[in-house]
Amino acid sequence: MSTEHKPKPLPFVANFAAGAIAGISEILTFYPLGERQVKTRMQLETGKSQHGLVGTLRGIVKQEGVGRLYRGLVPPLLLEAPKRAVKFAANDFWGKTYMNVYGESKMTQNLSILTGCSAGATESFVVVPFELVKIKLQDKTSTYKGPMDVVKQVIRRDGLLGLYAGMESTFWRHVYWNGGYFGCIYQVKELLPKPETQQAQLFNNFVSGAIGGFAGTVLNTPFDVVKSRIQGTEKVPGVVPKYNWTYPALVTIAREEGVAALYKGFVPKVLRLAPGGGVLLLVVEFTLGVFRQVLGPPYI
């Protein structure tokens, strides 16, 4: 069969740009909900007490003011463009690579999961310093003046590598989220009716992305809790941190606080990342469609 009219894959830079645009769109849409602030505060709580989403939100506003919900906004804004850009560009890169390695002409369920995990691993190396700054600023005991103050003090105290505290836990968090996200997107798209219009295509993208975001959040929340604990702990010379490595920390939290503690912050997290995952995929696919129209043949 002739492949003369088969669209050519878009270049790496197009996927990178689409991911960046989607990331900015997602953070501007959902940050006002306070998920990042509330979720992190819930995860940093130790012990068996649970204040819940509403209680934590009410406590922050009452004790620290509404403005506290927006503290730490600058790092996510600076992070989302490169983070999402790397996510979708890496997913595209690894997808093409694995299909070539395994001799597949199109994506399969197993390859979509493997591709997502690989994209998450790639993404994790970009996000660690930004996540560290965010966690330090959002801790209720924080005395830092702002993002640059966090960076200066961490480097002064722990050296440049101090900005990569929590690298291992961040790695696992992103591997599991992206594996669940992209793996579910593939499966859900296969189950949904084939879209006949552009509106139907956008709807399918949103639904599959939202379900993927939910699945990724279910899988990665325990690793997110551990990451928050590791990055939120100030290092004391000569003292071994209580939370240091991911899997031992999971066991410690479950033993001391109960298994439910591994899902602290799940509600605000999933309230953003489920619809947020839908928005991400919708914006990415829409933006890639615009690029195809602008670039013209052979991309359409």
Side-chain angles (χ1 to χ4, degrees), residues 1-29 79-127 174 177-190 192 194-213 216 276-300:
M1 179 183 294
S2 172
T3 59
E4 180 181 357
H5 299 294
K6 184 177 181 180
K8 180 180 177 181
L10 285 166
F12 177 87
V13 66
N15 286 279
F16 191 89
I21 293 169
I24 293 172
S25 301
E26 190 257 356
I27 191 67
L28 291 178
T29 301
L79 168 64
E80 287 307 314
K83 175 182 175 181
R84 303 307 190 187
V86 170
K87 177 196 294 291
F88 285 96
N91 188 71
D92 179 69
F93 169 79
W94 288 115
K96 293 174 181 175
T97 300
Y98 289 136
M99 284 192 291
N100 183 57
V101 169
Y102 290 101
E104 298 286 352
S105 59
K106 63 178 184 177
M107 185 59 65
T108 65
Q109 178 66 71
N110 289 337
L111 285 185
S112 68
I113 296 173
L114 178 60
T115 297
C117 289
S118 299
T122 305
E123 179 188 22
S124 67
F125 288 94
V126 176
V127 307
H174 285 270
W177 196 89
N178 284 274
Y181 180 65
F182 288 109
C184 270
I185 285 173
Y186 174 87
Q187 185 61 45
V188 174
K189 279 188 173 182
E190 289 292 305
L192 289 172
K194 297 298 179 184
E196 301 292 338
T197 64
Q198 184 180 15
Q199 289 74 17
Q201 180 66 62
L202 292 175
F203 176 77
N204 281 11
N205 286 334
F206 179 80
V207 170
S208 56
I211 293 174
V279 169
L280 278 175
L281 188 63
L282 187 154
V283 175
V284 164
E285 294 293 345
F286 177 81
T287 305
L288 291 177
V290 172
F291 284 149
R292 290 189 183 96
Q293 293 294 327
V294 171
L295 294 173
Y299 300 105
I300 57 175

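Numbers here simply count residues along the sequence, with the first being 1.
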Working to the nearest 0.5 Å, report the span between [atom1] of [X] and [atom2] of [Y].
X      : Y      : atom1 : atom2 : value
Leu202 : Leu282 : CG    : CG    : 5.0 Å
Ile185 : Leu280 : CD1   : CG    : 8.5 Å
Thr108 : Ile113 : OG1   : CD1   : 9.0 Å
Met107 : Thr115 : CE    : OG1   : 4.0 Å

So which atom in [X] and which in [Y] form the shortest heavy-atom distance, rounded to 0.1 Å?
X      : Y      : result
Gly120 : His174 : O-CB, 3.2 Å
Thr122 : Val86  : CG2-CG1, 4.0 Å
Phe291 : Ala14  : CE1-O, 3.4 Å
Ser124 : Ala121 : OG-O, 2.6 Å
Gly183 : Ser112 : CA-OG, 3.6 Å
Cys184 : Gly212 : CB-CA, 3.6 Å

Q) Does the separation of the ring centres of Phe286 and Phe206 fall below 6.0 angstrom? A) no
Q) Can you list the steps and then say if Glu26 with Val283 is a side chain to side chain contact (heavy atoms under 4.5 Å, CB included)? A) CA-CA 9 Å; Glu26 190 257 356; Val283 175; over 6 Å; no
(Q) Could you check whether any side-chain heavy atom of Asn204 comes within less than 4.5 Å of a side-chain heavy atom of Lys189, counting everything from C-beta outward? (A)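 Asn204 vs Lys189: side chains apart.
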Q. Would you call Leu111 and Tyr186 a side-chain contact if the rule is heavy atoms closer than 4.5 Å?
A.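 Leu111 vs Tyr186: side chains apart.
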Q. Taking the six-membered ring for Trp, are Tyr98 and Trp94 parallel (under 30°), tilted (30 to 60°) or perpendicular (over 60°)?
A.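 Rings of Tyr98 and Trp94: parallel, as their planes differ by under 30°.
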Q) Looking at Val284, Thr287, Leu288, Asn91, which one forms a side chain to side chain contact (heavy atoms under 4.5 Å, CB included) with Asn15? A) Leu288
**Q.** Phe203 atom CZ, neighbour heavy-atom count above 12 within 6.0 Å
**A.** no
Q) Got a sec: does the CD of Glu190 have more than 12 other heavy atoms crowding it under 6.0 Å? A)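 For Glu190, atom CD is crowded (more than 12 foreign heavy atoms under 6.0 Å).
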Q: Could you give me the CA-CA distance, side-chain angles and deciding distance for Trp177 and Lys87, then say whether side chain to side chain contact (heavy atoms under 4.5 Å, CB included) is met?
A: CA-CA 11 Å; Trp177 196 89; Lys87 177 196 294 291; 3.5 Å; yes
Q: Start with the C-alpha gap between Phe16 and Phe93, add the side-chain angles, then the distance that decides, and say whether ring pair (Phe, Tyr, Trp, His ring centres under 6.0 Å) holds.
A: CA-CA 10 Å; Phe16 191 89; Phe93 169 79; over 10 Å; no
(Q) Set out, in order, the CA-CA distance, both residues' side-chain angles and the distance that settles side chain to side chain contact (heavy atoms under 4.5 Å, CB included) for Asn110 and Leu114, then state yes or no. (A) CA-CA 6 Å; Asn110 289 337; Leu114 178 60; over 6 Å; no
